[in-house]
Amino acid sequence: MEETRGGEVEVIHLWSSPRSVSTSLMYSFAQRDDMEVVDEPLYPYYLRLTGAERPYREQLLSKLESDGNKIVTEKIFGPGRKKYRFCKHMASQRLPGLSDELMKRGKHCLLIRNPLDVLTSYDKVIPPLFMDLGYESLVSIYGELCDLGKSPPVIDSDLLREDPEATLRGLCDDLGIPFQNAMLKWESGPKPYDGMWAPYWYKNTHNSTGFEPPKKYPSPFPSSLYNLLEQTFPFYNLLQRYVKKTTTNSLHPSIPFPANENLLVWVGDDILPRKSAMVSVFDSIVQGGDGVWEGLRIYNGKIFKLEEHLDRMFDSAKALAFSNIPTREQVKEAIFKTLIRNGMFDNAHIRLTLTRGKKVTSGMSPAFNLYGCTLIVLAEWKPPVYDNASGITLVTATTRRNSPNNLDSKIHHNNLLNNILAKIEGNNSQADDAIMLDKDGYVSETNATNLFLVKKGHVATPHADYCLPGITRATVMDLVIKENLVLEERRISLSEFHTADEVFTTGTMGELSPVIKIDGRTVGDGRVGPVTQRLQNAYKKLSAESGVPIPNYQQP
C-alpha cells in the first residue's frame, strides 16, 4: 500500500490489562499494509506521575517524552506514514491530566484477561499492585466511551488465542476496517517498534510467530495473591459481559419477556442486577436442592394470598428443620423492596425461595450450615403461563408422584427432579404439561399444577396425599362452594379425567387453565366449559379485589 507520508492518521486505541496478549495483538496489527503501531506511548507519563519503580525507569524517562499531553498530540495523534495507527495502551497508564481528545478521537477496543492468569504471570516478574493491573481503569474507560456514544468492542484474551481468525475478523468488523490474513502470523524475535521494556516482558512473545492457544492446564495460583484476586474479579466479570463470543459453543438465548432483561433481584440481604444475582456454590440449594419456595402473583398493587404463602413457606422450613430463619417481617420487607425497586405493581410473578443457607464446607450435613438462611426474591414481568382462553393439552407421565413414605409433598421443597422428569415427558409429547399418578395409579396432579374435573355439574379434585395442597387449589375449592356447586375431594382414576365434561388446572403461575385434551382424548366438546368459565370469573374478581397492598403504590 502506498504510504501517506506526513498525513493525518486514524488512530486505533487498544486498552488492556498487563500480561495479556496485547503485545501479540500489536504484532498482529503491525503485519497490515495500512497500519503503523506504537507501543505504550503513555508509559513515560505513567512512570513520572506515579513514581513506580521499574528497572528501566531512568533510562526511559531520560530518552522519551513524559509530558502526557505532548504525547497525546505528537506521538498518538501526530502525522503518520500510513492510513491507520495502532496504539497499544495499558489501562493503568490512563491517568488524570490527559487531554479529552485521547478518548474522543479515534476508535477504541478493550482487551481483557482472567485475573487468575494475569496475577500468576505478573508475579513471576514483579509483585503486582491493584493500580498496575488496570481492571478498574478498564471499567472506567468502557463507561466513558459509552457515554461518548463510542461503545467499544471487548475482546477476551483466551477467546482470541483459541480462535484468532474469527476473533480478529469480528474485531476488524467492529472497527470498520477490512480483515487481512497477514494479521495471523509474524516473524519471531524483537521488533523495531518494541518499547524499551521489551527485554523484561516480551520474552515469550518474541519466541512466537502467531497467537498460541492457551495452555490446557494452568499454573498453580499463589495463595498470597488471593485478596488481590478478590479485588479484581468483579471488574473482570463486569467486562466479560460485553465480550462478543465468536465461537460456536457460545449461547445467547432470547428472554421470553425482554422487559425482564434488566431485573433487580433480592439475594441474601441485597438487591442486585440480574447478571450479578447469584448464590454461593456452598449454598445448600446448590449442594442438595435444600430449600423451600413459593410463587406469588401481583394484581393491581397487591400481592394475592401473601399471608397464606408465607404460612406455607415457614411451615416447610420448620418441617425441614431450618435454623436462623429470617422473620416474617423481614421477608415481607424484602418482597416489597424488590417490587418497588423494579416498579412491579401488576401482571408480575415472584419466585420466593428460602434456602438452608451457605455451608462452611461442602457436604450433606446441615451441621455445616452456620451462616443462616439465604432469601431470594425473584420478581418477573410474567402473565399467566398457559392459554386460559383456549385451553391446554396434557399427557400422562410414566413418572409417579412422590409418596409421603419417601418425601412429603406438603413440604414445598426444591427437590423437583420428580416433576421435571414428568415435564420432560410432556415436552416430548408436545403437551403443555404432564399428569402424574400416585403409586396406586390414581391421578395426583400435573408436574406443576393441581387438577380438577367437572362431571354432570359436580366438581372433583384428588386428595392432596401425594401432591402439594396448593393455595390456588384451596382458593378455588372455596369458590366452588361459594358458587353453590357440589365439591368432592376423593381418589380419582385416570379414566374419569378422560371422560370428564370439563377439566382444569390451578396454580399461582397459571391461575385457572382449561384442559381441552388429555392423552389424545378431547375433553367434553373441546372448548372451555361453563363451570370452568364461571370459576375463572370468580377467581379474577377475587384476585382483583383482595391481597396485601404494596407500600407506595399509587393507582394509575
Side-chain angles (χ1 to χ4, degrees), residues 11-23 25-26 38-52 66-73 75-77 86-119 121-122 128-160 171 174-175 225 227-244 262 264 270 272-276:
V11 177
I12 295 172
H13 303 273
L14 172 71
W15 298 98
S16 174
S17 58
R19 310 307 288 164
S20 62
V21 296
S22 57
T23 304
L25 196 56
M26 178 178 71
V38 182
D39 192 9
E40 298 183 41
L42 294 170
Y43 205 172
Y45 177 67
Y46 169 83
L47 290 178
R48 181 170 66 82
L49 248 63
T50 63
S66 63
D67 183 304
N69 287 322
K70 281 188 177 180
I71 294 170
V72 171
T73 303
K75 187 78 171 175
I76 296 176
F77 293 118
F86 181 93
C87 289
K88 169 194 157 194
H89 304 293
M90 293 296 104
S92 58
Q93 296 169 10
R94 200 254 169 158
L95 297 172
L98 293 171
S99 167
D100 292 344
E101 292 297 299
L102 180 64
M103 306 306 290
K104 290 180 178 179
R105 290 178 61 183
K107 299 175 179 179
H108 298 259
C109 57
L110 274 61
L111 178 68
I112 60 173
R113 189 185 183 194
N114 192 316
L116 278 168
D117 298 316
V118 170
L119 288 166
S121 176
Y122 203 101
L129 299 174
F130 179 78
M131 179 181 68
D132 296 335
L133 300 174
Y135 285 97
E136 183 180 21
S137 298
L138 280 170
V139 171
S140 177
I141 289 167
Y142 183 88
E144 185 173 344
L145 289 169
C146 288
D147 289 342
L148 291 170
K150 304 176 69 169
S151 177
V154 181
I155 318 151
D156 185 276
S157 292
D158 280 349
L159 291 179
L160 174 58
L171 176 59
D174 288 333
L175 295 173
L225 300 178
N227 287 341
L228 196 52
L229 178 68
E230 286 193 315
Q231 293 172 43
T232 53
F233 228 97
F235 297 104
Y236 170 73
N237 283 338
L238 179 62
L239 291 166
Q240 258 284 329
R241 297 172 191 166
Y242 305 112
V243 173
K244 183 186 292 185
N262 299 317
L264 297 168
D270 300 304
L272 301 167
R274 174 181 178 133
K275 291 180 180 177
S276 300

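Since the structure is predicted, the reported quantities are computational estimates derived from the model, not experimental observations.
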Looking at side-chain heavy atoms only, is the closest gap between Ser22 and Leu14 below 4.5 Å? yes

Find the distance between CG (Leu129) and OG1 (Thr50) and round it off to the nearest 0.5 Å. 10.0 Å

Between Ser17 and Leu133, which heavy-atom pair has the shortest distance, and what is it? CB-O, 3.5 Å

Taking the side chain as every heavy atom from C-beta outward, state whether Cys109 and Asp174 have any pair of such atoms under 4.5 Å apart. no

Could you check whether any side-chain heavy atom of Thr73 comes within less than 4.5 Å of a side-chain heavy atom of Ser99, counting everything from C-beta outward? no

What residues form a side chain to side chain contact (heavy atoms under 4.5 Å, CB included) with Leu116, not counting sequence neighbours? Asn114, Phe221, Leu229, Phe233

Relative to the ring of His89, is the ring of His13 parallel (under 30°), tilted (30 to 60°) or perpendicular (over 60°)? parallel

Determine whether Ser157 and Arg19 make a side-chain contact, defined as any pair of heavy atoms from C-beta on separated by less than 4.5 Å. no

Please identify each residue that fulfils ring pair (Phe, Tyr, Trp, His ring centres under 6.0 Å) with Phe86, with sequence neighbours left out. Phe29

Residues forming a side chain to side chain donor-acceptor pair (under 3.5 Å) with Gln93, sequence neighbours excluded: Glu40

Can you list every pair that meets salt bridge (charged side-chain N to carboxylate O under 4.0 Å, His left out) and has a residue in residues 141-160, with sequence neighbours left out? Arg94-Glu144, Asp158-Arg161

Checking Tyr45 now: which residues fulfil side chain to side chain donor-acceptor pair (under 3.5 Å) with it, not counting sequence neighbours? none

Only counting residues at least two apart or in another chain, list the ones meeting side chain to side chain contact (heavy atoms under 4.5 Å, CB included) with Val139. Phe235, Leu238, Leu239

Which residues pass the side chain to side chain donor-acceptor pair (under 3.5 Å) test with Arg48, sequence neighbours left out? Ser66

List the residues meeting side chain to side chain contact (heavy atoms under 4.5 Å, CB included) with Ser151, not counting sequence neighbours, and say none if there are none. Tyr142, Cys146

For Asp67, check salt bridge (Lys or Arg N to Asp or Glu O under 4.0 Å) against everything at least two apart and list the hits. none

Which atoms form the tightest heavy-atom contact between Pro41 and Ile76, and what is the distance? CG-CG1, 3.8 Å

With sequence neighbours left out, what residues match Thr232 under side chain to side chain donor-acceptor pair (under 3.5 Å)? none

Residue set satisfying side chain to side chain contact (heavy atoms under 4.5 Å, CB included) with Asn227, at least two apart, ordered chain then number -> Glu230, Gln231

What residues form a salt bridge (Lys or Arg N to Asp or Glu O under 4.0 Å) with Asp117, not counting sequence neighbours? none

With rounding to the nearest 0.5 angstrom, report the CG to OH distance, Leu95 to Tyr46. 7.5 Å

